**Student:** 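Quick one: this structure, given as structure tokens, is what I'll be asking you about.
In what follows, chains are A, B, ... by sequence order, proteins preceding strands, each numbered from 1. Predicted, not measured: the structure shown is a model, and the values here were computed from it.
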Number of protein chains: 2
Amino acid sequence: MNIKEVAEKAGVSITTVSRVLNNPEMVSEKTKNKVLTVMDQLNYTPNWFARHLQKSRTNVIGMLIPDTLEQSYMEITKGVEKIARQKNCSIILCSTEFDPDMETDYITTLTERSIDGLILTSPSIDRKQFDRLKSRDVPFVFIGKTGFMEEANTVCTNNDTAAEEAVEYLIQSGRKNIAIVLSNHPKSDNHDKLTGCKRALQKHGLPLPDSNILHADNTPENGYIAFSKLLDMPVRPDAVFIATDTMAFGAIEKLNQANLTPDEVAVIGFDDLKVGAVIEPKLTTVTKPSYRMGMTAGRLLFDIIEEESADDDPQTIVLQSRLKIRKSCGNKERLKEIW
Amino acid sequence: MNIKEVAEKAGVSITTVSRVLNNPEMVSEKTKNKVLTVMDQLNYTPNWFARHLQKSRTNVIGMLIPDTLEQSYMEITKGVEKIARQKNCSIILCSTEFDPDMETDYITTLTERSIDGLILTSPSIDRKQFDRLKSRDVPFVFIGKTGFMEEANTVCTNNDTAAEEAVEYLIQSGRKNIAIVLSNHPKSDNHDKLTGCKRALQKHGLPLPDSNILHADNTPENGYIAFSKLLDMPVRPDAVFIATDTMAFGAIEKLNQANLTPDEVAVIGFDDLKVGAVIEPKLTTVTKPSYRMGMTAGRLLFDIIEEESADDDPQTIVLQSRLKIRKSCGNKERLKEIW
DNA sequence: CTGAAAGCGCTAACAC
DNA sequence: GTGTTAGCGCTTTCAG
């Protein structure tokens, strides 16, 4: 079923049918109604491909995230979706599983699909892929830091100063032997968090022996194991900064099993996952503006697509994460908090 | 940049260029290489729309889920993605927020985009919308029960018997006054869970007063509130079946605050969210085969798309959920379990 | 093995 | 207000 059939049944030319769809104000009420009726009868839907063969925009944007099961990424996605909906756009969502090859793959597939734009979250993109992407002539926005901040629109958050604030807080509450558990992915986030931690420690002249820095995959199980290792150290840390809530959940588990209290070993997570407010002791953590990051990236992207903003003047927008203090750091005065 | 330019630069006809792309075996090595080189130089990508104007398949499928922030739905999505990748297909993911209007909206948008197929998760679709969908001539598969099981391919799980098993287990461990907290969405899942609970209770001649059935939105906070209400009842329940882990987390929180043990009030959740293994007491729950449901639905859909299976002989595939017993039901012999 | 030419279904000048 | 017609970039007969 195509425009021709509709035109025939309605006794008009295909142009008129096309106009009913695209410029209804150019068609008389009478003809319009006739055509609409026929369309309805025939259950006609214009062929999307024929349509976009002429028009440039496709109303589809691509979105790359490392993992669909991580709350933060899905919050970002929700933010993008909010904006995309306003712009009448759909999102092709691709999950790279933190695999650079899959990332490359998806970038190729997506740009070939003539999407209007692309949002890449925590990309592990290298120079070569970046140049390839640029040459594709598809507007894109990065979420999370990359090595190409000068050359590409980027929305990110202050992982470094947020981590610094967290460790600063630990120090202020009297902790002296602070350990750090980093996640293996994404690289840049963890690098920044470590930088922030170091800055706070240095400022107060506190040491950070290498043995106090652990790396783990981002699961509760690995958090549990890493935390166990720290507890077994000759000199037990009195506080642990853990780069993700997910790992911190495992740590809290171990803390409880070892019959330790936050006063003995404080735990700080990162991400502000919902469940952190439900476990005991409730997790002190860093809230990231994920949803807003998604919206911001979406707006930025559509500004470029709609040429309201030049693509050759890349912006970096930094949204603020901030510390959310709960019981896992042992503040006795906060014991009454519910959420 | 189009096929014509490539043809000119390579000194061949556009037909040859097209063949290099689609039927390389029909072109001599020499010409092929020449063309490929030019393509590379010009960074040529065939126009996706022109291409699919002739070909029927678009290699995009749509996927509707109620909420991108719920682990189960994203696990399903991951399963679908797995299959889609094998079939070289992308997924347009749309989140309906449990809003039937958004669902209708998205179905319209997606089918207009000439997708190859559509997977609808926990749809709240009514007769009218269902007929509209069918008339669109886009293959589709439902995940989760609907009122159209006889007419549409469906992948679902045994919510009823799984809930029955859970309650049966509670009864076997000596519980007599069992309460139920249901989630407001999705309707059919909760209906089935209730049915299962009732069946188990009935079998053992146990009563289920209406006051023992609560409904809540699917958040820890609402689980907390619902559970608090139950604790405040004149006769306190000795076990609570909660329709989702998310709500159960709030319940466990309240349980701890009230200084009650699972031996006094047992708690069973549903979904097997990861964090359930980390909270204390660890949550007894029902594991759903979400990932496999996604894969199964994906395979079913592609069978129809590739016409390996007729669209007019709808199948219903039921995958099995099963009980996962942990400490929140007070089994003392299981106290040593770690995960 | 290669090329010319006819469309795919639609939009957008351009005429009337 | 409406119709005619020339493409959009590609695939695919059909001829060579």
**Student:** Starting at atom CG of B:Asn2, determine the distance to atom P of D:dT11, rounded to an integer number of angstrom.
**Tutor:**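 From B:Asn2 CG to D:dT11 P: 12 Å.
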
**Student:** Are any of the side-chain nitrogens in A:Arg85 or B:Asp105 under 4.0 Å away from the carboxylate oxygens of its partner?
**Tutor:**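 Looking at A:Arg85 and B:Asp105, the cut-off is met.
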
**Student:** Any side-chain N or O of A:Asn47 under 4.0 Å from OP1/OP2 of C:dG9?
**Tutor:**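 Answer no for this pair, as no side-chain N or O of A:Asn47 is under 4.0 Å from OP1 or OP2.
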
**Student:** What is the distance from CH2 of B:Trp48 to P of D:dT11, rounded to the nearest Å?
**Tutor:**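 In whole Å, D:dT11 P and B:Trp48 CH2 are 14 Å from each other.
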
**Student:** Rounding to a whole Å, what distance do you find between A:Asn23:CG and D:dT2:C1'?
**Tutor:**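 Roughly 13 Å, once rounded to whole Å.
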
**Student:** Send over the distance from A:Phe49 CZ to D:dT11 C1', rounded to a whole Å.
**Tutor:**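 Nearest whole value for this atom pair: 14 Å.
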
**Student:** Among residues two or more places apart or on two chains, list those pairs meeting salt bridge (charged side-chain N to carboxylate O under 4.0 Å, His left out) that have a residue in residues 89-102 of chain A.
**Tutor:**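 Sorted pair list: A:Glu97-B:Lys78.
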
**Student:** Do any side-chain nitrogens or oxygens of B:Tyr44 fall under 4.0 Å of OP1 or OP2 in D:dG9?
**Tutor:**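 Negative; the distance criterion is not met.
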
**Student:** Do B:Asn33 side-chain atoms and B:Glu29 backbone N/O form a donor-acceptor pair below 3.5 Å?
**Tutor:**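 Yes; at least one donor-acceptor contact below 3.5 Å.
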
**Student:** Would A:Arg51 pass as a cation-pi partner of B:Phe49, given that its NZ or CZ must be under 6.0 Å from the six-membered ring centre and within 45 degrees of the axis?
**Tutor:**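 The answer is no; the distance or angle limit is not met.
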
**Student:** It should be established whether A:Asn22 places a side-chain nitrogen or oxygen under 4.0 Å from OP1 or OP2 of nucleotide C:dT11.
**Tutor:**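 The answer is yes; a side-chain N or O of A:Asn22 sits under 4.0 Å from OP1 or OP2.
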
**Student:** With 3.5 Å as the limit, what N/O pairs link the protein to nucleotides 1-4 of chain C?
**Tutor:**
{"residue": "C:dT2", "atom": "OP1", "partner": "B:Ser28", "partner atom": "OG", "Å": "3.2"}
{"residue": "C:dT2", "atom": "OP1", "partner": "B:Thr31", "partner atom": "OG1", "Å": "2.4"}
{"residue": "C:dT2", "atom": "OP2", "partner": "B:Ser28", "partner atom": "N", "Å": "3.0"}
{"residue": "C:dT2", "atom": "OP2", "partner": "B:Thr31", "partner atom": "OG1", "Å": "3.3"}
{"residue": "C:dG3", "atom": "OP2", "partner": "B:Ser13", "partner atom": "N", "Å": "3.1"}
{"residue": "C:dG3", "atom": "OP2", "partner": "B:Ser13", "partner atom": "OG", "Å": "3.3"}
{"residue": "C:dG3", "atom": "OP2", "partner": "B:Thr16", "partner atom": "OG1", "Å": "2.5"}
{"residue": "C:dG3", "atom": "N7", "partner": "B:Arg19", "partner atom": "NH2", "Å": "2.7"}
{"residue": "C:dG3", "atom": "O6", "partner": "B:Arg19", "partner atom": "NH1", "Å": "3.1"}
{"residue": "C:dG3", "atom": "O6", "partner": "B:Arg19", "partner atom": "NH2", "Å": "2.9"}
{"residue": "C:dA4", "atom": "N7", "partner": "B:Thr15", "partner atom": "OG1", "Å": "3.3"}
{"residue": "C:dA4", "atom": "N6", "partner": "B:Thr15", "partner atom": "OG1", "Å": "3.0"}

**Student:** Pick from A:Leu93, A:Thr121, A:Ile119, A:Ile65: which one makes a side chain to side chain contact (heavy atoms under 4.5 Å, CB included) with A:Val80?
**Tutor:**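 Running side chain to side chain contact (heavy atoms under 4.5 Å, CB included) over A:Leu93, A:Thr121, A:Ile119, A:Ile65 with A:Val80 returns exactly one hit, A:Ile119.
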
**Student:** Can you measure A:Glu5 atom CD to C:dG9 atom P for me and round it to whole angstrom units?
**Tutor:**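 Interatomic distance, CD of A:Glu5 to P of C:dG9: 9 Å.
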
**Student:** Within a radius of less than 6.0 Å around NZ of B:Lys34, do more than 12 heavy atoms belonging to other residues, nucleotides or ligands occur?
**Tutor:**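 Atom NZ in B:Lys34 is packed in, count exceeds 12.
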
**Student:** Which whole-number value in Å describes the distance from B:Glu8 CD to D:dG9 C1'?
**Tutor:**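 It works out to 14 Å between those atoms.
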
**Student:** What is the distance from NE2 of A:His52 to P of C:dC10, rounded to the nearest Å?
**Tutor:**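 After rounding, the gap between these two atoms is 12 Å.
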
**Student:** Return yes when atom NZ of A:Lys9 has more than 12 non-hydrogen atoms of other residues, nucleotides or ligands closer than 6.0 Å, and no otherwise.
**Tutor:**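 No, the 6.0 Å shell around NZ holds no more than 12 heavy atoms from other groups.
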
**Student:** Does A:Arg51 put a side-chain nitrogen or oxygen below 4.0 Å from OP1 or OP2 of C:dG9?
**Tutor:**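 So the side-chain polar atoms of A:Arg51 never come under 4.0 Å of the phosphate oxygens OP1 or OP2 of C:dG9.
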
**Student:** Provide, to the nearest angstrom, the distance between the CG atom belonging to B:Leu53 and the P atom belonging to C:dA6.
**Tutor:**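 Between P of C:dA6 and CG of B:Leu53: 17 Å.
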
